[in-house]
There are 2 protein chains.
Amino acid sequence: MATAQEVCRLAGVSTATLSRTLRNPELVKEDTRNKVFSAIEKTGYRPNFLASSVKTGKSNTIMVLVPNLINPFFLRLIHGIEDAAKEHSYSVLLCNTQGDPARENEYAAMTLSNRADGIIHLDHSFPFSDSDKGLAEKVPMVSIGEKIRADFDYPVIELDNFAATRALALHLVSYGHTRFGLIAGKKNTRISQDRVDGIQSVLRSENIDFSDDMIVGGAYTIECGQQGAIDLMNSKTPPTAIFCLSDDIAIGAIHQLKQMGFRVPEDVSVVGFDNITASAFIDPPLTTIDQPAHEMGVRAVQVLMSQIKGNALKRQREVLPFLDLLERKSSGSAVNSVVAKA
Amino acid sequence: MATAQEVCRLAGVSTATLSRTLRNPELVKEDTRNKVFSAIEKTGYRPNFLASSVKTGKSNTIMVLVPNLINPFFLRLIHGIEDAAKEHSYSVLLCNTQGDPARENEYAAMTLSNRADGIIHLDHSFPFSDSDKGLAEKVPMVSIGEKIRADFDYPVIELDNFAATRALALHLVSYGHTRFGLIAGKKNTRISQDRVDGIQSVLRSENIDFSDDMIVGGAYTIECGQQGAIDLMNSKTPPTAIFCLSDDIAIGAIHQLKQMGFRVPEDVSVVGFDNITASAFIDPPLTTIDQPAHEMGVRAVQVLMSQIKGNALKRQREVLPFLDLLERKSSGSAVNSVVAKA
DNA sequence: AAATGGACTGCAATCGATTGCATCAACTGT
DNA sequence: ACAGTTGATGCAATCGATTGCAGTCCATTT
């Protein structure tokens, strides 16, 4: 690779002019510029990204902390992040924390050594260790999903989970369901709470009982959906309709219900959350909430970039509306359910 | 953030000793080391990653070029890559080329400016533009899947596609199938060719005809699987068994076949390729080939690291065996197929 | 006691850019 | 014709590390 010196010698200019030609062309006279460009062309010179980064103190990189690469919802988020980052000439460092706090912390600490200019955080924990907390105060960060640490100032991009599950609940109530179950991803998170609250807000006004023991689950996985279906259907009052807090959970639940001899939706209705690609193609196609995943990723980058540029944060929470309730075939009337008759 | 100077002043040492304490501790006397460490602790100092990278010329980053973030198979690969990279203290720059050569080229060129030390390439094209080709010769690179440019020296990690589809074909033949269709991802690629050859090697020895017009498709997507099923079932001699070259394709095909009134596997058997998580949970559960995706990612990193460290390449192609033929419920006997009778 | 050698440590150059300041030429206005 | 601008360029310091070389100190050898 040609060095800057060679280019400069060939073009008959100083390194200062070389640098200006590339970064602030308007400061350089046109024919000088052309000389420089043709010298660059001839030598195949590329400015060393690392060197300019040391000097400017910006790595033009954002770090994405993701708990796993299985949940298809994260992929749509990452896709959005990637697109938006590219728009800003930023690169994306993908960090799979595997839900491990130590690993998460290790990655997050990399921002403290200029490895990245900011963090987009998809996990529902706090990525910095206590010892780094003080230092972390200056690291631009935005969370997607929910915010854990109230004592720490960073913005969050979230979905209007309350409204989304309200829509789902209204949908199921309109079919005449009165016995509900719910399979959660992570329990005791704000997301889960908001979603349960959304459901309750509908059921209460309909005087339908929905108690905590009808909430099972604990992971956003297919396997969790299977186990959740087993638990719910074996309870004293098995539900005729099941809210699944992700499409993966719903896929597992439907699979298990069929395995157990229940028809979906004739005996049990199942609704999901996320709208992953596969959910339109399972049997029956899944009724679900379409999340604006790509847009959430894009917004996260925008907010982060504005932090990186040093702007004050305008809003601490940004709540996006859900896109749509997709009514497909996994939900329907409860009148002929063998479960209800039992 | 504390600077190196402060740490040095506090510890009463030079920056040289600071650096050595962190990078080559064995060169520093123990009590000096301790003084340095406690000064680091006190100040919260972190060495600037960018600065050390300029000096060493290594960015400790590998770039992963991926055509999309939809195909779940890529995710397992990326997972493996990430794990292995972390093992080597390397970070992963995720670059979504979206199948666009311009975008791909733009990313690849970043290695030329020390943005990354090497490339792992999951697309089936050649990431560098012709003008960069000369420069690219020195960039460590490894491809996963297949190699496109014969004139360019870089290693490939591939699956034994031939053996895999042979296993699938033997499986289907043992059920008595004689009329086959195939829905490909990208046609005219080495992968597709090898897979078709594997099938042919079985069918020829059974004297079963399998002509090119029974090969449809063109993308590794669910939608392509749907369209492929339509095309195949509307042909003059519709097949009783369909090879799908990815699980996503198979999911689309099965969905479509059911839509068209065919039973799977009673009328038409469908087999997939990849073993993504969802494929065990669709109806019917998919017979498929389990690819060692994680391991392929890991191997790719190992080979790349050895290139980065300057070792000569030992093998140009590394062919991994497939893990398993998972016989599930989407494939079965052809005797009662309405398709065969028609 | 002098010489040898090994273990530590510091000085200062270096990596490859960016950028404030100085310089110089050309142009403007009076 | 001359002072004052303006525009374009170069000089050299700087970013924050790493590292070759040289110097110091102390223990060992003869």
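Letters A, B, ... are given to chains in the order of the sequence lines, protein chains preceding strands, and every chain is numbered from 1. Note that these values count all heavy atoms, side chains included, but never hydrogens, waters or copies made by symmetry.
Taking atom CZ of residue A:Phe49 and atom P of nucleotide C:dC15, one finds them 20 Å apart after rounding to whole Å. Remark: P of D:dG10 and CG of A:Leu18 are 10 Å apart, rounded to the nearest angstrom. Whole-Å rounding puts the B:Leu22 CG to D:dT18 C1' distance at 12 Å. Distance NZ (A:Lys55) to P (D:dA12): 16 Å, rounded to an integer number of Å. Rounded to an integer number of Å, the gap from A:Lys58 NZ to C:dT19 P is 12 Å. We find that CG of A:Leu112 is positioned 15 Å from P of D:dG16, with the value rounded to whole Å. For B:Arg33 and C:dC8, the CZ to P distance is 9 Å, given to the nearest whole Å. Rounded to a whole Å, the CG atom of B:Asn24 is 16 Å from the P atom of D:dA17.
For C:dG10, one of the phosphate oxygens OP1 or OP2 lies less than 4.0 angstrom from a side-chain nitrogen or oxygen of B:Ser14.
The two residues A:Asp132 and A:Ala109 make their nearest non-hydrogen contact at OD2-CB, 3.8 Å. Residues B:Ser59 and B:Ser53 come closest through the heavy atom pair CA-OG, 4.0 Å. Scanning all heavy atoms of the two residues, the minimum distance from B:Pro67 to B:Thr97 falls at CA-OG1, 3.3 Å.
Of the candidates D:dA17, D:dT18, C:dC11, the closest approach to any side-chain atom of B:Thr15 belongs to D:dT18. Checking D:dT19, D:dG10, C:dA17 against the side-chain heavy atoms of A:Ala4 singles out C:dA17 as nearest. Comparing atom distances between the B:Asn48 side chain and each of D:dA8, D:dA17, D:dT18 picks out D:dA17 as nearest. The side chain of A:Pro47 approaches C:dA17 more closely than any other nucleotide in the set C:dT18, C:dC8, C:dA17. When the nucleotides C:dG10, D:dT19, C:dA17 are ranked by their closest atom to the side chain of B:Thr17, C:dG10 comes out on top.
Between B:Lys35 and B:Glu41 there is no salt bridge, since no side-chain N of the basic residue sits under 4.0 Å from a carboxylate O of the acidic one.
Where A:Ala16 and B:Ser19 meet DNA chain D, the nucleotide closest to each residue was compared, and A:Ala16 sits on the side nearer the 5' end. Each of B:Glu26 and B:Val54 was matched to the nucleotide of DNA chain C holding its nearest heavy atom; the match closer to the 5' end belongs to B:Glu26.
Taking the six-membered ring for Trp and thresholds of 30 and 60 degrees, A:Phe126 and A:Phe152 have ring planes more than 60 degrees apart, a perpendicular arrangement.
Residue A:Arg20 places a side-chain atom within donor-acceptor reach of the base of D:dG10, judged by atom type and a 3.5 Å distance cut-off alone.
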